[in-house]
Amino acid sequence: MSADPASVPLLSDVLADWLRAAFRRALPPAADDYASIGVVSTTNPEFGDYQCNAAMALAKALKQPPRQLAQAVLDQAGPHPAVERTALAGPGFINITVRADAIIDLAQAQGRDAALGVPPVGRGQTVVLDYSSPNVAKPMHIGHIRSTIIGGALDRLHRALGYRVVADNHIGDWGTQFGILIRGYRQFVDEAALREQPVEELERLYVKSYEQSQADPAWLDACRQELVKLQSGDPENLRLWEQFVQWSMAEFERVYRRLGVSFDLVRGESHYNVKLPGVLATLEQHGLVKESEGAQVVFLEEEKLPVCIVRKRDGGFNYATTDLATVASRVEEFHPAKIVYVTDERQQLHFRQLFAICRRLGITTALDHVWFGLMRLPEGTFSTRQGNVIRLERLLDEAEQRALAIVQAASPTMDPATQRDVARAVGIGAVKYADLSQNPQTQITFSWDKALALDGNSGPYLQYAYARIASVQDKYAERYPGQDPGAFPLQLTEPIERVLALKVTQFPEAILRAAELYRPSVVADYLYDVAQTYSSFYQNVPFLKAPDGVRESRVRLCGLVARVLRTGLDLLGIETPDRI
RNA sequence: GCGCCUGUAGCUCAAUUGGAUAGAGCAUCAGCCUCCGAAGCUGAGGGUUGUGAGUUCGAUUCUCGCCAGGCGCACCA
């Protein structure tokens, strides 16, 4: 077993290096040294396996005919051990067909590598990943799932690439809502309901108190009083607050366990309270703070951004200040290469302001905001006050229930405990995949049927493909006891085997690209493509019944596909049971 | 009013960041289980990529205008 993943090169890198060298020989020196020259998979199999489009782009800059330029590059390229043939096509495409034994060598090397060829590009670097971050005293509803699921996937992807990830759940446990909540608690609490479902009761209290505060100025004032008491350390209000946080955390933990998400840190906003005056002082030292309409603000005219309030007129701090304190604290404690926030689209402006201020403070850590579109219902956005929220736990229950019905129908002989276990993995997998398989930056209109899809491009489709392979491997072991297909060479006799093996070797590229773009959907798309190709292979090419040697090669290829599916789905946080 | 985002098959989404004939799933229709798992496979129909211009060898992708929708824009987070 090779322990060094660097021993498995990426085919696209190898080919790009080869052509880049040829470009350098064929063309005058360029400022960027042709660093951007790369190859991509062809759009159509008739063009070969990879294509390079750089000649046409460069032709424009160099004022040469693109075909002539591409030809010059090909003349300079010479033969390459991995390349079967090249072709010049169209206005200047360079098409590359890879040698089958190069694919075989790569796939076999990948199979020997524990990381399946995924390079540890993040080794030695730390990433702080801020995701999920729900608010205390509100049940998690389906609007919260995206940050949690997408963030969780980005977390795993970065770890797979060798980054040290600090997953930080920045709980919303502080702020003006607690005045409203405490006042509501004192007046309206239903102790029985609180014992039964504490978070739902807290939400009810908040909504009721909020409504009253809108109608009744005296009530609003009373809420403010409670907040002031809390912030000044009143023991009774602090005790209540701590209790609210505890109840909420218990509910969050329950959901996280079901979703298979865990954090390295759970630090609420309250954690940074003591640092807020220091943040303001630092801003003042940098001459960034001005007074405006009674508040302390930072003007961001150079960045063409609206003014950012860092201290309210009443002397209280707000979220911008808290987030600044959080950045400073994370930089100091973890020395991260980057800090990444996963939130919904509504916070874009806030983070642009935050990052601008950080830059003015001389913070050089890369700061990225990964935003995703809001989850909506067909009739509009969610609103606690409209009472149209769908609780996350209900979604997960429903998912498992629907999956169970199908498992029971499809596998009646499976024992009930296993059926439930499989239904859990399939149901949760379906929900996660429905979210992860699409570009985060589109808004999702929630529908039960879509979130819980069990066929077509869905989580269960991938799980099914995996389970079929597991079954094939079992059958093989039964019929050929003690024989290891991995000891036989891969051979790519059918065209679809070649396609499948090539796709398998592209697994690392999908992981790299997904992490770089912060888009788990790249992995989902890739895996679906692999599973589709596999299913076609499975249906149309016999393998247990194939001749000696060919059979072993095919079972071995099945094994590689299985590892790609299992590893890839694991990175998306989706389980792969052997039987579904 | 200003800013950010979105508009692709009846529906839900892709399209390797400017590449070749725009691809999948769902739905519809037609086939495939005495054969390795039919949650599957094979095939068919379905498109003026919101719209009008521009940039160039080449535009779903870039620029500008317009139309439609979403979100945000001073003391909530």
Side-chain angles (χ1 to χ4, degrees), chain A residues 12 38 40-44 46-47 51 53 56-57 59-60 65-67 89-93 95 133 135 172 174-177 269 292-297 304-314 316-320 322-323 343-350 352 371 373-374 376 380-381 403 406-407 409-411 426 434 437-439 441-445 447 449-450 453-458 460-461 463-465 467-472 474-476 479 506 509-510 513 517 521-522 525-526 528-529 532 535-536 538-546 551 554-555 558 579-580:
Chain A
S12 58
V40 294
S41 294
T42 53
T43 49
N44 188 323
E46 78 182 70
F47 301 136
Q51 64 182 61
N53 308 324
M56 292 173 292
K60 197 175 291 182
R67 270 190 76 95
F93 295 102
N95 292 334
S133 308
N135 288 323
W174 201 250
T176 51
Q177 76 266 28
E269 292 164 358
S292 171
E293 297 176 29
Q296 300 296 109
V297 307
K304 292 181 178 156
L305 293 170
V307 61
C308 180
I309 292 175
V310 291
R311 183 168 207 171
K312 298 188 284 188
R313 194 164 39 200
D314 66 7
F317 295 103
N318 60 3
Y319 58 101
T322 306
D323 275 349
T343 82
D344 73 57
E345 59 183 324
R346 289 174 300 186
Q347 300 200 35
Q348 284 178 85
L349 177 58
H350 164 60
R352 284 172 64 197
W371 58 266
L374 231 43
R376 304 161 48 79
T381 45
I406 289 177
V407 173
S411 309
V426 168
S437 63
Q438 75 177 260
N439 185 338
Q441 296 188 347
T442 52
Q443 57 177 244
I444 288 187
T445 301
S447 89
D449 284 340
K450 193 182 170 194
L454 301 173
D455 55 5
N457 187 355
S458 69
Y461 176 90
Q463 291 170 319
Y464 179 66
R468 280 161 127 191
I469 299 176
S471 171
V472 165
D474 284 356
K475 288 236 161 53
Y476 180 87
R479 293 181 199 182
Q506 289 161 350
E509 272 130 292
R513 195 174 142 73
L517 299 177
S521 62
V522 170
D525 283 351
Y526 166 79
Y528 181 63
D529 189 19
Q532 248 184 337
S535 296
S536 179
Y538 175 89
Q539 206 86 21
N540 298 304
V541 179
F543 29 94
L544 289 181
K545 284 176 289 189
R551 176 178 55 237
R554 287 178 182 163
V555 174
C558 284
R579 299 281 177 276
I580 73 170

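All chains are named by letter (A, B, ...) in the order of the sequence lines, taking the proteins before the strands, and each is independently numbered beginning at 1.
- G18(B) makes up no base pair with any nucleotide shown, lacking Watson-Crick or G-U wobble contacts both under 3.5 Å.
- With hydrogens and angles ignored, the 3.5 Å screen pairs a side-chain donor or acceptor of Glu345(A) with a backbone N or O of Leu374(A).
- Here the P atom of nucleotide G72(B) and the CG atom of Asp344(A) are 9 Å apart, to the nearest Å.
- Panel note: side chain Arg551(A), backbone Lys545(A); no donor-acceptor pair is recorded below 3.5 Å.
- Along RNA chain B, the nucleotide nearest to Ser521(A) and the one nearest to Arg352(A) differ in position, and the one closer to the 5' end is contacted by Arg352(A).
- Here, A77(B) and C67(B) have their C1' atoms 34 Å apart, quoted to the whole Å.
- Base pairing of G23(B) is made with C13(B), judged by Watson-Crick or G-U wobble geometry with both donor-acceptor distances under 3.5 Å.
- Between the P atom of U61(B) and the CG atom of Leu517(A) lies a distance of 19 Å, rounded to the nearest Å.
- Atom C1' of nucleotide A24(B) and atom CG of Asp529(A) are separated by 10 Å, given to the nearest angstrom.
- A 3.5 Å limit on both hydrogen-bonding distances identifies no Watson-Crick or G-U partner for A38(B).
- Scored by the ring-ring contact (aromatic ring centres under 6.0 Å, His included) test, Phe47(A) finds no partners at all (sequence neighbours excluded).
- Rounded to an integer number of Å, the gap from His350(A) NE2 to G3(B) C1' is 17 Å.
- Between the CZ atom of Phe93(A) and the P atom of U16(B) there is a distance of 14 Å, given to the nearest Å.
- In this structure, CD of Gln177(A) is placed 7 Å from P of A77(B), rounded to the nearest angstrom.
- Using a 4.5 Å heavy-atom cutoff, the side chains of Lys312(A) and Thr176(A) are in contact.
- Taking 4.0 Å as the cut-off between side-chain N and carboxylate O, Arg513(A) and Asp525(A) do not count as a salt-bridged pair.
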| note | Per-nt protein contacts along nucleotides 28-39 of chain B (heavy atom under 4.0 Å; B base, S backbone sugar-phosphate only, - none) come out as -------BBBSB
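- Note: CG (Asn53(A)) to C1' (A59(B)) measures 14 Å, nearest angstrom.
- Residue order along RNA chain B, read from the 5' end via each residue's closest nucleotide, puts Ser437(A) first among Ser437(A) and Ala295(A).
- G3(B) is paired with C71(B) under the criterion used here, namely a Watson-Crick or G-U wobble arrangement in which both key atom distances are under 3.5 Å.
- Remark: the backbone N or O of Ala89(A) is not paired with any side-chain donor or acceptor of Asn95(A) at under 3.5 angstrom.
- Side chain Asn95(A) to base A20(B): a donor-acceptor pair is found below 3.5 Å.
- Look at U51(B): its Watson-Crick or wobble partner, with both distances under 3.5 angstrom, is G65(B).
- Base pairing of G46(B): no nucleotide in any strand meets the Watson-Crick or G-U wobble criterion (both distances under 3.5 Å).
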